[in-house]
Each structure stands twice: as structure tokens, then as C-alpha cells.
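Order of the sequence lines sets the chain letters (A, B, ...), proteins ahead of strands, with each chain counted from 1.
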Amino acid sequence: MAIVFYDSLRKKRTKFESMNPGIVKMYTCGPTVYADAHIGNFRTYIFEDLLRRTLKFLGYKVIQVMNLTDVEDKTINASNEQRVPLQQHTAPIINRFFEDLDTLKIERAEYYPRATEHIPLMLDLVKKLIDNGYAYESEGSIYFRIEKFKSYGKLSGMKLDKLVRGARVDADEYEKDDFRDFALWKAWSEEDGEVGWDSPYGRGRPGWHIECSAMSMRYLGDEFDIHTGGVDNIFPHHENEIAQSECATGNKFVQYWLHSAHLMVDGMKMSKSLGNFFTLRELIAKGYSTRSIRYVLLTSHYRQQINLSGESVLAAKAALERLDTLRHSADEGAGAGEIRSDLAKSIKESELHFTRSIEDDLGISGAMAALFELVSAVHRFSNKSPLNQKEGEALLNFWKKVDSVLSFLFPEQKELPLEVLESVQIRLKARLDRDFSLSDKIRDDLASKGFQIKDTREGTIVIWVQGRELVK
RNA sequence: GGCGGCGUAGCCAAGAGGCUAAGGCGGAGGUCUGCAAAACCUCUAUUCAUCGGUUCGAGUCCGAUCGCCGCCUCCA
């Protein structure tokens with residue numbers, strides 16, 4: 001079967017073929033580290049995680065680059081306000097960013113290049129653009145002349161003559177030949193303070209767009225397979241990247257562009273400027289489990305806006321509990337016997353359905369449906385006759401396999417406190433003695449401490465926050 | 001104003017011309033159970049924003065209308 005992606009450049013679903021067999025090179029626009037990323041930002045990083053994991057699931061080796069923008073207006077302003085050197089301001093934010101990635105089980109990319117460590121490469125690119133006649137100098141700054149790039153606007157659909165002057169007027173705008181031109185290199189100004197690098201054009205710092213062109217080429221080459229980001233990056237950021245890169249190299253920059261839709265709050269885009277944002281840490285403090293958050297962010301199609309709400313997190317929790325029942329059933333598999341054909345068939349169908357869905361533009365809904373269908377099938381099957389050991393193992397193996405894509409099927413198991421285990425044992429004995437007033441008292445007691453007790457056919461389950469233990 | 005996306009059950013959400021419109025949450029009834037929960041079974045869209053059109057056949061294609069969102073300024 002073929003992998004299909006919706007390509008923002010072609011504006012249609014397109015069969016994916018990597019440039020090098022078996023290898024996918026992808027560049028994923030990363031955070032600007034002037035403040036902690038909010039959960040809307042992570043929506044995109046989770047989409048990219050799904051893309052990466054899916055490609056690996058389908059047999060590709062993935063080389064992923066995610067940039068860390070550690071120098072631009074906001075990082076400079078923030079460090080100035082706090083009167084600390086730039087790096088001292090960005091370093092802790094970067095550390096927290098990586099912690100949040102881990103919390104959300106986002107797999108690490110191969111490279112996380114920082115803009116400040118690639119200035120010479122950017123200057124090389126700027127020089128190339130000047131030499132090729134696409135850029136010009138004006139008062140120490142270098143601008144890209146967009147009318148020289150005939151296909152400017154091909155990604156966003158913007159028509160050059162339809163571009164309107166924005167509400168905000170750049171201080172340096174009068175220096176440009178054309179207001180639509182964008183900066184490749186910005187001359188040092190008073191507000192930049194300590195921040196600046198020497199260049200043939202004088203002291204200055206890179207424009208925002210040039211870093212992605214320079215760093216993607218450095219780690220992935222002049223041409224690579226996939227470039228991603230949020231839809232808000234399409235214009236002007238990605239449009240400008242294409243212009244710079246293709247004018248500098250003469251090659252087609254990127255083969256496939258994938259963009260994720262926004263996370264919404266009360267019908268509006270979550271954004272720092274609107275102030276309607278939450279960080280991951282804030283959501284955790286509200287009592288949302290990271291597993292549920294990952295579920296919500298991952299199981300909505302990446303081109304569909306998500307409305308994150310308490311309700312959606314609660315629904316996620318319920319859905320996860322249902323998924324967990326498959327693992328519990330599998331754990332119960334015991335005894336001799338081969339895998340029976342009905343069950344083998346269900347697993348095979350689920351895997352096929354899962355794969356077909358996920359390779360079709362990351363069709364996560366269909367992929368999840370495939371898993372829920374297996375859960376139902378397994379319960380129907382095991383209700384008739386208990387699973388044997390091999391069957392339990394087969395289910396767990398399949399679950400592990402799809403979890404390489406999802407990474408929320410196996411919650412972290414916490415050790416239950418000894419006193420809880422003891423209480424559970426006492427309660428089990430009480431139930432055997434049919435002393436139900438005692439057993440119910442213990443159940444209520446544990447519930448008040450945050451441990452929910454459920455008696456199943458297989459034994460007693462203790463649910464504790466995100467962990468879940470089976471006690472026999 | 002220009003560009004892009006979306007409108008499918010109470011809620012979330014698949015579907016990309018043709019088997020009975022996936023799946024999840026929630027809800028109703030039943031089986032099981034000391035009770036609770038879980039699990040299982042059954043039910044919960046004659047219809048896909050509206051109106052036209054193309055077609056033997058449309059939720060799916062075309063046109064118009066209404067509504068929502070994003071981008072056009074830094075933004076994931």
C-alpha cells in the first residue's frame with residue numbers, strides 16, 4: 001500500500017515517495033525559546049511525533065531536525081528585560097522544553113540545532129543570495145527581493161500584488177526597496193544590546209527565516225523530503241524559506257509540506273498574544289493526566305482543529321480505560337494451547353486496518369477504530385473461553401507494536417504503597433468470608449485515599465491516578 | 001477584500017462516486033455480580049448546513065447561499 005500525505009504545496013493528497021529509498025529526511029519547525037511552549041505548540045510537536053513514529057512503523061529510517069530559535073526579537077527583548085545574557089535566558093526554557101517533550105512521550109529528533117550556533121552558515125547563504133542577485137543591502141541590513149523570485153507565493157497562494165501592508169509598521173521598513181521584502185540579516189540596533197555577530201555588512205543578527213534554510217540544509221541537504229509546522233507558519237515563514245533556499249541553491253527545497261491545524265480554546269486559536277493559553281505544567285496542575293493529554297492531542301487528525309476541554313480529557317480517560325481492558329485480558333492469558341484461528345484473524349484484521357488508516361495521511365481515527373474493534377473482539381472471544389498464554393502474548397506483542405506509534409497504550413505502572421496492598425488483601429479475605437460490611441468499608445476507605453477498587457472476574461483491580469495494578 | 005480549511009447523531013469523529021453512513025464518549029434496556037465497577041448483548045443518523053446541478057448512482061464531484069475557523073503582522 002502507498003503512503004499518502006496531504007501536501008500543502010500541491011494542495012491535495014499526494015503519494016509519498018522518499019528521495020532515498022528507506023530514508024526520510026524531515027525538518028520540523030521548532031519553538032522560539034523566549035517563553036515556555038504552551039499546549040497548542042505541543043499539538044504540532046505531537047503531530048510531528050506521530051509522523052515520525054508512523055514512518056518508522058512503516059519501515060523508514062527517519063532523520064529529523066527540529067530547530068531551536070534562540071535569537072530573534074522576543075528572545076532578545078526578554079533577556080534585556082531580565083538583564084541577563086541571551087543564553088542565560090534561553091537555557092532554562094530549552095531545558096524545560098525537553099522535559100515537556102519527555103512528559104508527553106514525544107520521541108527525540110536526531111538534531112536540535114540552535115540558531116546561535118549556526119550564524120556562519122546563515123551568512124554563507126546570505127552571501128549566495130546577494131551573489132545571485134536576489135538580495136540587497138540597505139543600511140547594514142540585507143533584504144530578499146521577492147519580486148525576483150517568480151514563484152513567490154506558491155505555497156500560501158498569496159498573490160504578490162494582493163499583499164496588503166500590515167497594521168504594524170516595522171521601524172526598519174523605510175529601508176526596504178519594497179515593503180514586502182523580508183530581512184535576511186538585521187543590522188545591529190541599540191535594543192540588541194550585547195547580542196550581535198560580525199559580518200561583511202557590519203554587526204548584526206540573522207532574520208528569522210534564514211535560520212531554518214541554513215540549518216535544514218546543513219543537516220538534511222539542499223533538498224529533502226518533508227517539512228512541517230503549524231498552519232500559521234505557511235505565510236510568511238515557509239514561503240520565505242522556499243524563496244531563500246531555492247534561490248540560493250537552484251534546487252527544489254522540499255518535496256512535501258505538511259501543516260497541522262491549531263488547538264482551539266472557546267472557538268479561538270490558542271496563542272500567547274490572545275493570552276488564552278495553558279502550558280503543559282498548568283494542565284497537569286489542574287489534574288489532567290499526561291496520558292490523557294497525549295491521547296487528546298494525538299487522536300485528532302492533524303489537519304483538524306482541536307478543542308481542548310475538560311470534557312475532551314475526560315472522554316480520553318474513559319477511552320483509555322477501555323483500551324486498557326485488552327491489556328488486562330491479555331495478562332490473564334494462561335495455560336497451554338496454540339493461538340486459535342478466530343483470535344489470530346482478529347489481530348491480523350486489526351493490524352491491517354490500523355496500517356491502512358495510518359498510512360493514509362496519518363488517519364488516526366481509523367487506526368484507533370481498528371484497535372477498539374480488536375478490544376471488542378477479544379472480549380467476545382475470551383468471554384466464551386479464557387485466553388491461553390500464547391494468545392495473551394500475541395495480543396501484548398501486537399499492542400506493543402502499535403504502541404510504537406501511539407505511545408499511550410502502556411501507562412507507567414506505579415508501585416502501590418504497602419499499606420494499600422495489605423488493605424486489599426484483608427478485603428479479599430473478608431469477601432471470601434462474606435463479611436461484606438468490612439470489605440465495603442475498606443473499599444470506601446481506599447477510595448477516599450484515591451485508590452479505586454474494582455472486582456473483576458479475573459481479580460481485584462486498584463486504580464491509582466494514572467497507574468493500575470492487578471492484585472490477585 | 002485576497003488565500004486556505006471546515007460544517008456528518010446529545011458531544012468528539014471517520015468517510016475522497018457504488019457492499020447495511022467506521023470508531024470513541026455519553027445515554028437507555030438486559031446478562032453477570034453480595035453490592036459497586038468492569039465486561040458482554042441490544043438500542044441511540046432513512047440521512048450528512050441549505051438550495052440547485054452533473055451522474056444509472058453523491059455525505060463524497062460542480063455552482064450558489066448561510067455559518068464557523070485560520071492566514072494575510074510575531075505566532076505551532
Trainee: Are any of A:Y6's side-chain N or O atoms less than 4.0 Å away from OP1 or OP2 of B:rG5?
Mentor: yes
Trainee: If I compare all heavy atoms of A:A115 with all of A:M122, which pair ends up nearest, and what's the gap?
Mentor: O-CE, 3.2 Å
Trainee: Does the side-chain hydrogen bond (donor to acceptor under 3.5 Å, both in side chains) test come out yes or no for A:S346 and A:R380, once each step is laid out?
Mentor: CA-CA 11 Å; A:S346 293; A:R380 239 172 285 137; over 6 Å; no
Trainee: Remember a base hit wins even if backbone is also touched, and classify A:M270 as base, sugar-phosphate or nothing at under 4.0 Å, heavy atoms.
Mentor: base
Trainee: Write down the distance separating the P atoms in B:rG10 and B:rG1, rounded off to the nearest Å.
Mentor: 34 Å
Trainee: What's the gap between B:rU54 and B:rA45 when it is taken at their P atoms, as a whole Å value?
Mentor: 32 Å
Trainee: Please report, rounded to the nearest Å, how far the P atom of B:rC72 is from the CD1 atom of A:I146.
Mentor: 15 Å
Trainee: Between N or O atoms, less than 3.5 Å apart, protein on one side and nucleotides 10-14 of chain B on the other: list the pairs.
Mentor:
{"from": "B:rA13", "atom 1": "O2'", "to": "A:S365", "atom 2": "OG", "distance (Å)": "3.2"}

Trainee: Is it the case that the base of B:rC35 and the side chain of A:R443 share a donor-acceptor contact (distance under 3.5 Å, atom types as modelled)?
Mentor: yes
Trainee: What distance separates A:F224 CZ from A:Y256 OH, expressed to the nearest 0.5 Å?
Mentor: 13.5 Å
Trainee: With a cut-off of less than 4.0 Å, is there a side-chain N or O of A:T32 near OP1 or OP2 of B:rA76?
Mentor: yes
Trainee: For A:L263 and B:rC69, what is the distance between atoms CG and P respectively, to the nearest whole Å?
Mentor: 16 Å
Trainee: Give me the distance, rounded to whole Å, that separates B:rU50 from B:rA9 when you measure between the P atoms they each carry.
Mentor: 10 Å
Trainee: What nitrogen or oxygen pairs link the protein and nucleotides 41-45 of chain B at under 3.5 Å?
Mentor:
{"from": "B:rC41", "atom 1": "OP1", "to": "A:R380", "atom 2": "NE", "distance (Å)": "2.5"}

Trainee: Provide, to the nearest angstrom, the distance between the CZ atom belonging to A:R356 and the C1' atom belonging to B:rG15.
Mentor: 16 Å
Trainee: Is any NZ, NE, NH1 or NH2 atom of the basic residue among A:D49 and A:R294 found under 4.0 Å from an Asp or Glu carboxylate oxygen of the other?
Mentor: yes
Trainee: OP1, OP2 of B:rC25 versus side-chain N and O of A:K317: anything below 4.0 Å?
Mentor: no
Trainee: With rounding to whole Å, what would you report as the distance between B:rA58 and B:rC48 at their C1' atoms?
Mentor: 11 Å
